[in-house]
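The structure appears below as C-alpha cells.
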Amino acid sequence: MRTSPELRRKLISVAVVSAALLTAAPASVAVAQESAPRPAAVPAALTEAAPGAPAERLIVGYKSGAAEAKSNKAAAADAETKAEKTGEDVDFQRRLGTGAALVELGTNPTRTSVADVVAQYEADPQVAYVVPDRLNKPTAVTPNDTDYSKQWDLFESTAGMNVPAAWDTTTGSGVTVAVIDTGYVTHSDLAANIVGGYDFISDTAVSVDGNGRDSNPADPGDWYNANECGQGIPASGSSWHGTHVAGTIAAATNNGKGVAGIAYGAKISPVRVLGKCGGYDSDIIDAITWASGGTVSGVPANTNVAKVINMSLGGGGACSTATQSAITGAVNRGTSVVVAAGNENQNVSNSSPANCNNVISVAATNRAGSRASYSNYGSLVDISAPGGETRTSTANGILSTLNSGTKTPSSENYAYYQGTSMATPHVAGLAALMKSANSALTPAQIESAIKANARALPGTCSGGCGAGLADAAKTVQAVKGGTSTGTTFSSTTAVAVPDNGAAIESPISVTGRSGNAPSALQVGVDITHTYRGDLVIDLVAPDGSTYRLKSAASDSADDVKTTYTVNASSETANGTWKLRVQDTAAQDTGTLNGWKLTF
C-alpha cells in the first residue's frame, strides 16, 4: 500500500468534511470547499464526490443478472475493458459486503479522466450504479460512579434524557451495539463491556497501525500534522473518538468510578473505520454489513452481531447508492442504524449518511434544551439528544471515557466533548435499552417509538429538530412487553415469486375496524428468495393506493423477513389489503411465505 505524504494529501482531496469532533475547524473547511467551482457536464455519479480533486476509487454496483455481480474475475475483466476504452488505469480491488465492486483509478487521476471512467460505467447496461469511494470523518466532537453527578445529559430535568427511570425496567443486557468509529483504546471503566470487533481500514496511510484489515480494532491514535489532512487544516492530536462514544453507550456503572453508561448492561463491539484524516465509504460499507451479520469477503463471520449500530461520522453530499444499499441490508437483517446529523449548522440533507433512508438521524441539544449552535437540522432529522455545548463552560459538554495521549495511547482519563457525535450514542443507547426490554422490536418500530415518546424541546430549534428530545424512560415503558397492543390480520398462503416476471399479489381482508388505518401500520413480510436485491415490494390499500416498502437494489443476501412501518392514516382500515411482490431481474426465484398487518 502507498503510505507517502502525497497519498495522504490525495486521500483528503476526496474527503467530505462533516460532523467532526471539533466543530469550528471542520465547518470552516467545509465552507471553503463548497465555494470551489465545479465544472459543468460532470457525470451524475461523479457529482456525489466532494468538490475539489476527484476520487481515486469508485464503487460499482452491477445488476443482479450480470456476471460481474458475482464473479471477481469478471469484474476485473470489466475494469480492464474500461481501462482500454478510456486509456486510464482502472483496477478491480475487491468485492464489498453488499456485492459491489471497488475499483482503483491509479495515481493522480484528473477530474476529466475520472469523468471518462465514470461515463463508461454509467453507459454499461450491466451497471446499476457507480459512485465515488468518499472519505468520511469523525463527527465530533443514582449510580455510585464518582463522576455521575457531572452527567447532566442523563438526569437533569431541563434537558437530560430521563435515563435513570428507564433502568428500573432494563439496562440493555443481551444487546450488542457496534460502534463504527476510530476503534477502542483500553479503558478500565469500559473494558468489561467490550466484545470482539474488527479493523476494517484497508489503507495503511489511513490505518497508521502498520497493517490493513484484521481482527484488532485497537485505536493507535488519529493525530495529524498541519496541512497533512488538507491545505489550511491545522494540526490535531488524537481524538480517541470511538472510546468516548462507546463510554456514553455502555460505560460500566455502579462500579464506584468514572461515569455511567446509558445501556450499561449492553456490550460494545468496536468496529474501526476511521483513522488518520478520516475513513473511506468502502470500509464503512463493509463495516455496516459485517456488524449487522452480513458476509464480507475475506473477513471472518461476526460472532457478536449487533442489533444497534452507532455511526458518529459523516461526509457532505447526498447519500450514495452504495452506502444506502449497506444500510438497507443492515435494517433488513434487524439492526437499527443510528447516525449523527452533523456539525456544520446546515440542513442535514447535505450530510451523509445522516440523509440516508432507514437511519435514525440525531441532532444535538445543549444543556438548556435548545439546538446546539453547531448542530445540523432539517426535515430529515428524526430526533434530538444531548450533545453539549462548551462555549460558556466545559462542564456543559458530554463527559465520557477517553485517553490522555496526544498522539499514541497513554493513561486513561475522562473528558468533555461536544457534537452530534455525542448526541448519537445517547439514542443508540436508548435503542439498546428498548431492544433489551422487548427483543421482538424491529428497527422501524424502534424508530417509531423513539419519536412517538419524545418530549417537546425545552429550548428552541430553528430549522427542524425532529420529533423532539428523546425520553428514555417514557420510550422504554411504551415498548415493554410486546411489539403491539393492536389487532393483527395475516395470510399464511404461500405464493411463488416467478423469476423476472409479473408481480404477484397476496390479499388480506380487514374487518371490524373503525375509521382509518394508523400512522404507524406494521407490515410484516416473510419472503424466501435467493437474491433479495431483485425484489420490489408494495403495500396496496383497499382503494388501490400503493406504498413502496422495498425497491430493487444491489443486495446479494437471501430473504426478506422484516417489518415495515407505513403511514396509512389516509386509508380506510376495513377492506382488502394486498402485498405486491415482483422479481425484476433474471436468475433467482422465491416464495412469499406469508405476511401480516398489525393495526
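Note that the structure is predicted; figures quoted are calculated from it, not measured.
Side-chain atoms of Thr323 and Cys356, non-hydrogen and from C-beta on, do get closer than 4.5 Å to each other. Contact annotation: the side chain of Leu313 approaches that of Val273 to within less than 4.5 Å [non-hydrogen atoms, C-beta and beyond]. For the pair Tyr184 and Ile268, the minimum side-chain heavy-atom distance is 4.5 Å or more. In this structure the side chain of Tyr198 reaches within 4.5 angstrom of the side chain of Ser215, judged on heavy atoms. At least one side-chain heavy atom of Arg134 sits less than 4.5 Å from a side-chain heavy atom of Ser352. Taking 4.5 Å as the limit, every side-chain heavy atom of Val359 sits out of range of all side-chain heavy atoms of Pro353. Taking 4.5 Å as the limit, some side-chain heavy atom of Asp209 sits within range of a side-chain heavy atom of Asp199. Residues Val245 and Thr424 fail the side-chain proximity criterion, which asks for heavy atoms closer than 4.5 Å.
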Given side-chain contact (heavy atoms from CB on, under 4.5 Å), test Met311 with Ile284 step by step and report yes or no.
CA-CA 9 Å; Met311 290 202 292; Ile284 295 169; 4.0 Å; yes
Taking it one step at a time, do Asp588 and Thr530 satisfy side-chain hydrogen bond (donor to acceptor under 3.5 Å, both in side chains)?
CA-CA 6 Å; Asp588 297 275; Thr530 51; 2.7 Å; yes
Assess the residue pair Leu535 and Lys550 against the criterion (side-chain contact (heavy atoms from CB on, under 4.5 Å)); give the C-alpha distance rounded to whole Å, side-chain angles, the decisive distance to 0.1 Å, and a yes or no.
CA-CA 7 Å; Leu535 296 179; Lys550 180 189 177 300; 4.1 Å; yes
Check step by step if side-chain contact (heavy atoms from CB on, under 4.5 Å) holds for Thr289 and Arg333.
CA-CA 9 Å; Thr289 302; Arg333 285 186 285 272; 3.8 Å; yes
Check the pair Asp534 / Ser64 against side-chain hydrogen bond (donor to acceptor under 3.5 Å, both in side chains), numbers first and verdict last.
CA-CA 7 Å; Asp534 292 351; Ser64 60; 2.4 Å; yes
Quick one: do Ser325 and Thr98 satisfy side-chain hydrogen bond (donor to acceptor under 3.5 Å, both in side chains)? Show the steps, please.
CA-CA 7 Å; Ser325 179; Thr98 56; 4.6 Å; no
Using the rule given for side-chain contact (heavy atoms from CB on, under 4.5 Å), can you reason through Thr248 versus Ile262, listing the C-alpha separation, both sets of side-chain angles and the distance that settles it, and then say yes or no?
CA-CA 6 Å; Thr248 297; Ile262 290 171; 4.0 Å; yes
So Asn355 and Asn350, side-chain hydrogen bond (donor to acceptor under 3.5 Å, both in side chains) or not? Walk me through it.
CA-CA 7 Å; Asn355 55 14; Asn350 297 312; over 6 Å; no
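Of all heavy-atom pairs between Ala431 and Val308, the closest is CB-CG2, 3.9 Å. The two atoms that bring Asp181 and Gly242 nearest to each other are OD1-N, 3.2 Å, heavy atoms only.
Thr335 pairs by the side-chain hydrogen bond (donor to acceptor under 3.5 Å, both in side chains) definition with nothing, not counting sequence neighbours. Every residue two or more places apart in sequence or in another chain that forms a side-chain contact (heavy atoms from CB on, under 4.5 Å) with Asn500 is listed here: Asp583, Ala586. In this structure, His426 has no ring pair (Phe, Tyr, Trp, His ring centres under 6.0 Å) partners at least two apart in sequence or on a different chain. Applying the side-chain contact (heavy atoms from CB on, under 4.5 Å) rule to Asn593 yields the partners Asp526, Thr528, Thr591; only residues at least two apart in sequence or on another chain are considered. The side-chain contact (heavy atoms from CB on, under 4.5 Å) search around Asn403 returns Val185, Trp240, Pro409, Ser410, not counting sequence neighbours.
Expressed to the nearest 0.5 Å, how far CZ of Arg548 lies from CG of Asp538 amounts to 4.0 Å. One finds the OG atom of Ser202 at 8.0 Å from the CG atom of Asp133 (value rounded to the nearest 0.5 Å).
Sorted by first and then second residue, the salt bridge (Lys or Arg N to Asp or Glu O under 4.0 Å) pairs with a member in residues 286-309 read Arg94-Asp286, Arg213-Asp286; sequence neighbours excluded.
The cationic atom of Lys82 (NZ for Lys, CZ for Arg) lies less than 6.0 Å from the six-membered ring centre of Tyr121 and within 45° of the ring axis.
Just one residue in the list Thr186, Thr408, Thr182, Thr243 forms a side-chain hydrogen bond (donor to acceptor under 3.5 Å, both in side chains) with Asp219, and that residue is Thr182. Here the rule is side chain to side chain contact (heavy atoms under 4.5 Å, CB included) with Leu105, and of Asp91, Asp89, Val117 only Val117 fits it.
Without hydrogens or angle criteria, Arg532 side chain to Ala553 main chain gives no donor-acceptor distance under 3.5 Å.
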